[in-house]
Amino acid sequence: MEKKVNPATNTVWAGEKAYRVHGASQVPIVNSVTYNYDDLDLWYQVALGNEKGHIYGRNTNPTLAAFEDKIRDLEGAEAATSFSTGMAAISAAMHTFLRPGDRVVSIKDTYGGTNRIFNEFLPKLDIVVTLCETGDHDGLEAEISKGCKIVHLETPTNPTVKITDIERIAKTAKANNALLVVDNTFATPILQNPLDLGADLVIHSATKFLGGHADALGGAVCGSRDLVGQVFHYREINGATMDPFGAYMMLRGMKTLDLRVWKQTENAGRIAEFLSGHPAVSEVFYPGFPDHPNHEIAKRQMKGFGGIFSFSLYGGMETVKKVLPRLEYANRAANLGAVETTVGPAYTTSHVESTSEELKALGIAESLVRYSAGIEKFEDLKADLESALQILND
Ligand SMILES: *Cc1c(COP(=O)(O)O)cnc(C)c1O
């Protein structure tokens with residue numbers, strides 16, 4: 001029986017013991033592509049999946065398996081499988097279950113790459129995609145009730161941090177025989193466990209918070225043994241396999257996941273609060289604010305409000321171009337969830353794939369800035385922003 005252990009302990013210990021060899025205290029990077037079998041009968045049984053073992057690196061690898069066990073444990077899933085990137089994970093999950101003529105229901109505010117799969121690639125395969133207004137639960141339920149194969153959610157969303165009620169949509173999806181897939185990249189398993197709320201599959205861009213250091217790409221899909229087994233089969237054949245070194249970087253990064261996420265959540269909340277009182281700032285979106293339209297849902301389904309918010313400055317893009325370059329303790333980069341504070345306008349980061357018409361339709365101001373809080377000291381981040389904003393008075 002699995003013991004119920006706190007996430008802070010699991011981030012450090014989960015999934016690793018079985019893979020440590022020669023008494024090593026850390027999981028090794030196994031770069032070997034192939035595995036030797038003197039016993040040909042055993043080789044055959046492993047190939048058939050009747051015995052444990054590894055055959056070939058595209059299919060399975062011990063370092064990847066340790067990463068998969070750790071994220072599986074943190075999401076409370078029966079099974080997990082890994083990918084070279086988050087997009088590979090999302091793409092594989094879609095292609096595993098969808099057939100021509102099927103329908104997908106999702107929200108307008110998904111990650112830019114996901115949005116491209118919905119608007120560009122799935123329609124080519126004669127798969128119908130309906131994207132609903134993010135946060136409009138009635139609209140979403142009405143579309144799901146018309147019949148669909150997959151409901152895909154992302155919550156909180158990029159970049160305006162809108163929240164969708166996972167438990168409510170899970171019930172509707174179930175009643176209509178649809179699979180509910182939730183991209184949990186923004187919340188991380190520390191703050192939100194979609195499987196506990198009724199989701200069928202959870203997806204991560206491990207590149208972001210899980211790795212946490214902006215130095216390795218990766219993705220994961222978690223869920224039941226049956227569903228994840230099907231996604232794994234798609235991946236082992238189509239080949240978007242994670243690199244063993246990348247898996248090691250994920251394992252190393254995830255040991256501090258709990259520490260980092262709580263610190264980033266604290267920093268984001270306090271910086272968002274500071275900016276919302278600043279005269280140069282026209283709006284701040286953060287689900288932790290009581291006046292955020294989805295605050296009550298966030299409070300119910302998340303343990304914390306997360307490390308990301310977005311804000312706009314009076315004067316639009318002109319002002320943003322003046323202020324952002326002056327920040328000393330922030331990377332201006334297309335990333336989030338790293339230990340360094342990372343800022344960037346939505347149109348250069350999450351929605352670089354979207355046209356300006358599409359951005360307008362999404363209600364994303366060109367000058368909206370996404371702020372992914374790092375683990376720096378709050379006082380330093382605040383002083384940095386204060387002095388950068390000072391240029392508007394000079
Ligand atoms: C970054 C991101 C992805 C894509 O992940 P990659 O690892 O860059 O392929 C998917 N979903 C969300 C919410 C993301 O932030």
Side-chain angles (χ1 to χ4, degrees), residues 81 83-155 157-158 162 164 166 168-185 194-195 198-205 219-224 226-241 350-355 357-359 361-362:
T81 190
F83 288 88
S84 52
T85 65
M87 283 315 303
I90 293 168
S91 179
M94 293 297 149
H95 286 95
T96 300
F97 299 107
L98 295 171
R99 304 287 174 272
D102 281 346
R103 186 160 171 267
V104 177
V105 174
S106 187
I107 50 173
K108 286 186 180 169
D109 290 22
T110 48
Y111 177 73
T114 310
N115 200 265
R116 281 268 65 91
I117 291 187
F118 290 156
N119 284 324
E120 187 177 334
F121 294 107
L122 293 185
K124 282 187 196 169
L125 303 173
D126 200 18
I127 291 159
V128 179
V129 181
T130 306
L131 303 182
C132 303
E133 226 37 77
T134 312
D136 173 14
H137 290 79
D138 293 338
L140 198 54
E141 288 183 319
E143 289 299 336
I144 295 167
S145 302
K146 289 179 192 164
C148 63
K149 188 70 165 282
I150 287 184
V151 180
H152 180 94
L153 292 181
E154 200 182 301
T155 178
T157 55
N158 223 328
K162 289 177 192 152
T164 303
I166 298 172
R168 175 172 166 183
I169 299 305
K171 285 195 185 112
T172 313
K174 193 148 282 154
N176 290 278
N177 288 318
L179 290 178
L180 176 61
V181 179
V182 177
D183 182 332
N184 204 28
T185 300
L195 297 175
D200 296 294
L201 288 172
V202 171
I203 295 186
H204 281 283
S205 167
V221 174
C222 311
S224 69
D226 170 38
L227 294 177
V228 171
Q230 294 180 58
V231 178
F232 163 74
H233 182 59
Y234 183 91
R235 191 271 278 159
E236 70 168 340
I237 301 303
N238 285 280
T241 307
S350 57
H351 287 70
V352 72
E353 291 92 351
S354 308
T355 63
E357 290 78 41
E358 283 171 329
L359 277 178
L362 289 170

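What's counted below: heavy atoms across the whole structure, side chains too, no hydrogens, waters or symmetry copies.
The one candidate from T110, D109, T155, T164 that meets the side chain to side chain donor-acceptor pair (under 3.5 Å) condition with T134 is D109.
Taking the six-membered ring for Trp and thresholds of 30 and 60 degrees, H95 and Y234 have nearly parallel ring planes, at less than 30 degrees apart.
With contacts defined as side-chain heavy-atom distances shorter than 4.5 Å, the pair V182/L201 does not qualify. Side chains of V231 and F97 form a contact here, defined as non-hydrogen atoms less than 4.5 Å apart. T85 places none of its side-chain heavy atoms less than 4.5 Å from the side chain of S205. Looking at Y111 and M87, their side chains come closer than 4.5 Å, going by heavy atoms from C-beta outward. Annotation: side chain of I90 is in contact with side chain of I117 (closest heavy-atom distance under 4.5 Å). Looking at heavy atoms from C-beta onward, L98 lies in side-chain contact with I150 at the 4.5 angstrom threshold. Taking the side chain as every heavy atom from C-beta outward, L227 and F232 never approach each other to under 4.5 Å.
In this structure, the side chain of H204 does not engage the main chain of V202 through any donor-acceptor pair within 3.5 Å. Under the 3.5 Å distance criterion, the side-chain polar atoms of S106 are matched with a main-chain donor or acceptor of H152. Between the side chain of R235 and the main chain of T241, no donor-acceptor pair closer than 3.5 Å is present. No donor-acceptor pair under 3.5 Å is formed between the side chain of K149 and the backbone N or O of A178.
When every heavy atom of A170 is checked against every heavy atom of A199, the shortest pair comes out as CB-N, 4.3 Å. Of all non-hydrogen atoms in T81 and V228, the two that sit nearest each other are N-CG1, 3.8 Å. Looking at every heavy atom in both residues, A173 comes nearest to I144 through CA-CG2, 4.1 Å. Residues N184 and P194 share a closest heavy-atom pair of ND2-CD, 3.4 Å. C132 and G139 make their closest contact through SG-O, 4.1 Å (heavy atoms, listed as atom of the first residue, atom of the second, distance).
Atom CG of D200 is separated from atom SG of C222 by 13.0 Å, given to the nearest 0.5 angstrom. We find the CD1-CD distance between I107 and E133 to be 10.5 Å, quoted to the nearest 0.5 Å.
Side-chain atoms of S224 and D226 form no donor-acceptor pair, as typed in the model, at a separation below 3.5 Å. Side-chain contact annotation: H233 with E236, donor-acceptor N/O pair under 3.5 Å present. Judged purely by distance below 3.5 Å, without hydrogens or angles, the side chains of N158 and E154 never pair a donor atom with an acceptor atom.
Here side-chain hydrogen bond (donor to acceptor under 3.5 Å, both in side chains) pairs that include residues 171-180, with residues two or more places apart or in two chains, are E141-T172.
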T185 and I203: CA distance, side-chain angles, deciding distance, side-chain contact (heavy atoms from CB on, under 4.5 Å) verdict: CA-CA 7 Å; T185 300; I203 295 186; 5.7 Å; no

CA sep, side-chain torsions, deciding dist, call: V129, N119, side-chain contact (heavy atoms from CB on, under 4.5 Å): CA-CA 7 Å; V129 181; N119 284 324; 5.6 Å; no

Full working for side-chain contact (heavy atoms from CB on, under 4.5 Å) between L153 and L180: CA-CA 8 Å; L153 292 181; L180 176 61; 3.9 Å; yes

Verdict with reasoning, L122 to V104, per side-chain contact (heavy atoms from CB on, under 4.5 Å): CA-CA 9 Å; L122 293 185; V104 177; 4.2 Å; yes

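Taking a cutoff of 4.0 Å between a charged side-chain nitrogen and a carboxylate oxygen, D136 and K108 do not qualify as a salt bridge.
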